[in-house]
Amino acid sequence: MKYFFVLFLFFMSCFAFGQNDQKLDSLKHKLSLSNTDTDTFEILDQIIRAYLTKNMDSTRTYNDELLKLAKSTKNLNVAIKGYNLASNYYYYNAQLDSCLLLVKKSSFMLSDSEDYKIKSDIYRKLSILSRANSDFEAYEEYARLSLLEAKKSDEWELISSSLLVLGNIFYNKNDYSNALKYYLKVDSVHTVNKSQTSNLSLAYENIALVYSELKNKKALDYLDKSKNVHEKLGNNSGVYNCIRLKGNFYANQKDYDNAIKYLSKTIPFYESFGEPNKLIEVYSEIILAYAQTGNFQKAEKLVKKGLEITSQTGFSQFGLNSMQFSTGIFYLEQSNYEKAIDFLKEAESTVPSKGTDYYLRERKEITEALKKAYFGQKDYEKAFTTNERLLVLIDSLNIQNKEKLTTELETKYQTDKKEQEITLLTSQNELAEQQKKNQRNLFLGGLGITTIAGLFLFILYRNRQKTNTKLKELDKLKSNFFANISHEFRTPLTLIADPINDTLNDDSISDKKRQQFTVAKQNSERLLSLVNQVLDLSKIDAGQLKLHVQNANVLKLISALSGSFSYSAKQKGISYLVNIKQTEENLWFDKDALEKIVVNLL
């Protein structure tokens, strides 16, 4: 029963540990200022991960906040992750029904989600919880789904978590060869990615469990490796778990003094930590060691404590079974066969049924103890029947063959398979690096093209600026030219106008001549007006032209201007009529500007 709780910490294997108090204070301050559900979840996530391996009371406080957030948020992603994260507290606190409820709630919310990371994590938890409920078919199915989703996410940490679950499945079937294969794959994944996570420490612990079962001292080496990783990650619970497993190793070697030495070191931590499942595990193991050394007084104190804890509603079946077995051994070693049989039969009823390949070792240990109890009672018939069951279990385990196969497998794997896998993973990393390099080259190429295009546009802009400058200079020259030539035209026009005026003032000229000179005067004035318009164009270009408005009868002016074209129309045989209905209404207008408009139109 020493290894009934294989990888209890694995439920949290994807967590990062080691938040210091200063960082926690900073996170709490950020939490008080957070104003979005996403930010609040991210901060609670970090706080809970830090406290879960240190202080369960603080964990509960922030876990309750997380549940409130998950229930109230309209952000589906936050709700899924919130319920999933909140389940960890209940698992650690041995409230497996509540844990399963929250994990399933997260699972139902996923539906068609393509968030492979969260799906892999949820399937992994469902796998572990299925094992806790002795649903071994679901245990294996969810483990395979977890690995499938992890591969889709292409995240090596999730892949290593799923590989760890699959390794546990084979370990619980006592198939150490395949279990070791998966645990060593986890080691390979971490080697290639040059990283250490809680998955690696747990893989080392499980390899140690395999060697401990085979009574091989390599177990201690792997426990030291695991402890080193836990210390680097700041995971106190993991460190004490390694110390506990060392006690288990010595108990398996029947070195009970060393077993008690190491197990006793862990009790103060687990009693203060508030994790009942792990505490019962330690109590059960040290009760066995005390019972084997005849220290029944110390064992009895722990028996009473353990039975009181496991009597709580909803306590883990694993913890209950472990306590029942250790209590049975406690009474068996005192020759209290009746009580021993009662507790051992209870343990037999809570261990997974004999129709499964799981927990053969546990069933063997219970059956072996029952045989001794019946024999002690001199109930030889039941002792004989129990012994027959024991022989079947021993044959199923076939430990000697497994030890040889396991040793050969590790040697072969470490030399060949592991190298091949590392090469494959290295190639994948190289491919990823090459993809990054290609992306970098593409970025630099795009940047180069963008730079060239920018230079081209800049040069084009400069050329346009130069062109515009030249055009402005030409416009200025043109304006100056028209201004100068207009002034030149004004002088002869003025000289022409004076003789015409003198002739018109002469009363001796005929009417026909007067009419002709009148037309000549009008046109000379028109020509002078055109010259003035050219000058006005120069003023417009210089921004100096101003309107000179007056309040007068605009219709009379238009009629007079229109009438000046009658003679020209008659000369050209054009039918020209002016029909303007006169009114006395005055309007504001610029006489010069209006004259130019009307004359140009006509």
Side-chain angles (χ1 to χ4, degrees), residues 463-602:
N463 287 339
R464 285 187 177 180
Q465 275 192 322
K466 290 179 180 178
T467 302
N468 289 336
T469 302
K470 290 289 185 182
L471 288 173
K472 287 179 181 179
E473 290 176 356
L474 289 173
D475 283 341
K476 188 176 180 181
L477 289 172
K478 178 190 70 176
S479 298
N480 290 336
F481 168 75
F482 282 120
N484 292 332
I485 200 170
S486 296
H487 283 295
E488 293 298 324
F489 279 140
R490 285 169 66 89
T491 301
L493 285 172
T494 303
L495 294 175
I496 292 172
D498 287 340
I500 292 175
N501 288 331
D502 290 342
T503 303
L504 288 172
N505 290 329
D506 187 359
D507 294 334
S508 62
I509 62 171
S510 64
D511 291 339
K512 185 176 180 181
K513 290 290 183 181
R514 184 177 297 279
Q515 184 181 9
Q516 289 174 344
F517 277 104
T518 298
V519 171
K521 179 182 178 182
Q522 288 175 345
N523 284 287
S524 67
E525 289 176 349
R526 172 63 185 147
L527 184 58
L528 183 61
S529 175
L530 290 174
V531 171
N532 288 333
Q533 287 183 35
V534 172
L535 284 172
D536 287 342
L537 285 175
S538 300
K539 290 180 181 179
I540 290 172
D541 288 338
Q544 295 177 350
L545 182 66
K546 295 179 181 179
L547 292 177
H548 299 283
V549 296
Q550 63 185 37
N551 191 1
N553 193 318
V554 69
L555 296 179
K556 288 182 179 180
L557 176 63
I558 294 173
S559 296
L561 292 171
S562 301
S564 65
F565 286 90
S566 297
Y567 181 77
S568 178
K570 183 179 180 181
Q571 291 292 108
K572 296 178 181 179
I574 298 172
S575 177
Y576 177 72
L577 296 175
V578 178
N579 185 12
I580 298 174
K581 191 178 290 185
Q582 299 295 325
T583 68
E584 297 300 323
E585 183 179 3
N586 292 338
L587 296 174
W588 291 97
F589 61 93
D590 184 317
K591 180 182 177 183
D592 187 51
L594 183 62
E595 182 179 347
K596 292 172 184 175
I597 293 169
V598 172
V599 170
N600 282 326
L601 286 174
L602 291 175

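Worth knowing before you read on, the calculation uses all heavy atoms, side chains too, and leaves out hydrogens, waters and symmetry mates.
- Heavy atoms from other residues, nucleotides or ligands lying under 6.0 Å from CD of E585 number 12 at most.
- For the atom pair CD (Q550) and CH2 (W588), the distance works out to 9.0 Å, reported to the nearest 0.5 Å.
- We find the CD1-CG distance between I558 and L601 to be 10.0 Å, quoted to the nearest 0.5 Å.
- Scanning both residues, N553 and E584, for their nearest heavy atoms gives ND2-CA, 3.7 Å.
- The structure places CD1 of I597 at 8.5 Å from CG of D590, a figure rounded to the nearest 0.5 Å.
- Residue S559 holds its OG atom at 13.0 Å from NZ of K581, rounded to the nearest 0.5 Å.
- Of all non-hydrogen atoms in K591 and L557, the two that sit nearest each other are CG-CD2, 3.8 Å.
- Separating the CD1 atom in I574 from the OH atom in Y576 is a distance of 10.0 Å, to the nearest 0.5 Å.
- Rounding to the nearest 0.5 Å gives a distance of 9.0 Å between OG1 of T583 and NZ of K556.
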